[in-house]
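Worksheet for the structure shown next.
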Amino acid sequence: ELTPPIIWRLARKIYYRTRSGWIIGREQGAEFYNQTFVAGEHWRNHYTKSNYYPVWTVLADRITKSDITSILDIGCGPGQFAALLLAKGVARYLGIDFSIERIQQAKNICPEFDFVIADAFETELLSTQEYDAVVCLEFLEHVGRDLEILDRIRSGTIFFGTVPNFPSKAHVRHFKNADQVFERY
């Protein structure tokens with residue numbers, strides 16, 4: 001009687017999601033990302049319809065105005081950003097992600113680029129692939145060992161990354177302000 005209904009709805013939502021295997025604020029496996037891809041139509045939208053499009057256009061502009069000839073995208077997702085880069089004239093791109101569903105979508109919408117199902121912690125692509133720049137868009141917050149991934153990138157490589165300022169069930173961390181981002185990275 002004393003607890004507002006909204007609190008009960010939120011508690012039920014958290015309870016059912018954790019019971020179904022979605023652990024709040026923890027690193028998630030590939031199956032979680034496969035499920036969220038299948039459940040979310042926005043992942044299949046054209047890149048211009050994405051909420052990230054304004055940020056992506058700035059990054060694509062910076063990439064195309066530089067001397068970058070090849071890109072490695074860690075946690076590339078369903079290929080929306082790759083499709084934007086292709087439209088902007090980027091010629092060499094390799095995207096890696098451990099979600100089979102997302103990589104399949106990326107290959108479908110952007111067959112001109114290469115996409116590989118791979119775990120960023122296990123693949124040798126970070127040391128064997130040729131790349132001038134690495135892209136990590138909304139990826140680093142999903143892994144506990146984010147600094148380990150950054151250490152695996154070749155010294156002197158141009159890096160483009162974005163991280164969120166909001167919590168999520170799949171975010172290991174998020175940042176309240178730019179100072180926190182600079183402090184960590």
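- Side-chain atoms of H174 never come within 3.5 Å of backbone atoms of S168 as a donor-acceptor pair (strictly under, hydrogens ignored).
- Applying the 6.0 Å contact sphere to OH of Y52 captures no more than 12 heavy atoms from other residues, nucleotides or ligands.
- Counting non-hydrogen atoms of neighbouring residues, nucleotides and ligands closer than 6.0 angstrom, the CZ atom of F182 reaches no more than 12 such neighbours.
- Not counting sequence neighbours, the partners of K65 by the salt bridge (charged side-chain N to carboxylate O under 4.0 Å, His left out) test are D61.
- Residues I149 and I74 are in side-chain contact: their nearest non-hydrogen atoms beyond the backbone lie under 4.5 Å apart.
- Rounded to the nearest 0.5 Å, atoms CD (E27) and CZ (R145) are 7.0 Å apart.
- Between the CD atom of Q104 and the CD1 atom of I109 there is a distance of 11.5 Å, given to the nearest 0.5 Å.
- Contact of the I68 side chain with the F160 side chain is registered, since non-hydrogen atoms from C-beta on lie closer than 4.5 Å.
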Could you please spell out the steps behind the side chain to side chain contact (heavy atoms under 4.5 Å, CB included) verdict for Y131 and I153?
-> CA-CA 10 Å; Y131 55 85; I153 297 169; 4.2 Å; yes

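- The CZ atom of R102 sits 4.5 Å away from atom CH2 of W43, with the distance rounded to the nearest 0.5 Å.
- Heavy-atom minimum distance, E138 versus T162: OE2-OG1, 2.9 Å.
- Partners of F98 according to the ring pair (Phe, Tyr, Trp, His ring centres under 6.0 Å) rule, which considers only residues two or more places apart in sequence or in another chain, are Y33.
- Distance check, rounded to the nearest 0.5 Å: CG of L126 to CZ of R154 gives 8.0 Å.
- Applying the ring pair (Phe, Tyr, Trp, His ring centres under 6.0 Å) criterion to Y93, with sequence neighbours excluded, gives F113, F115.
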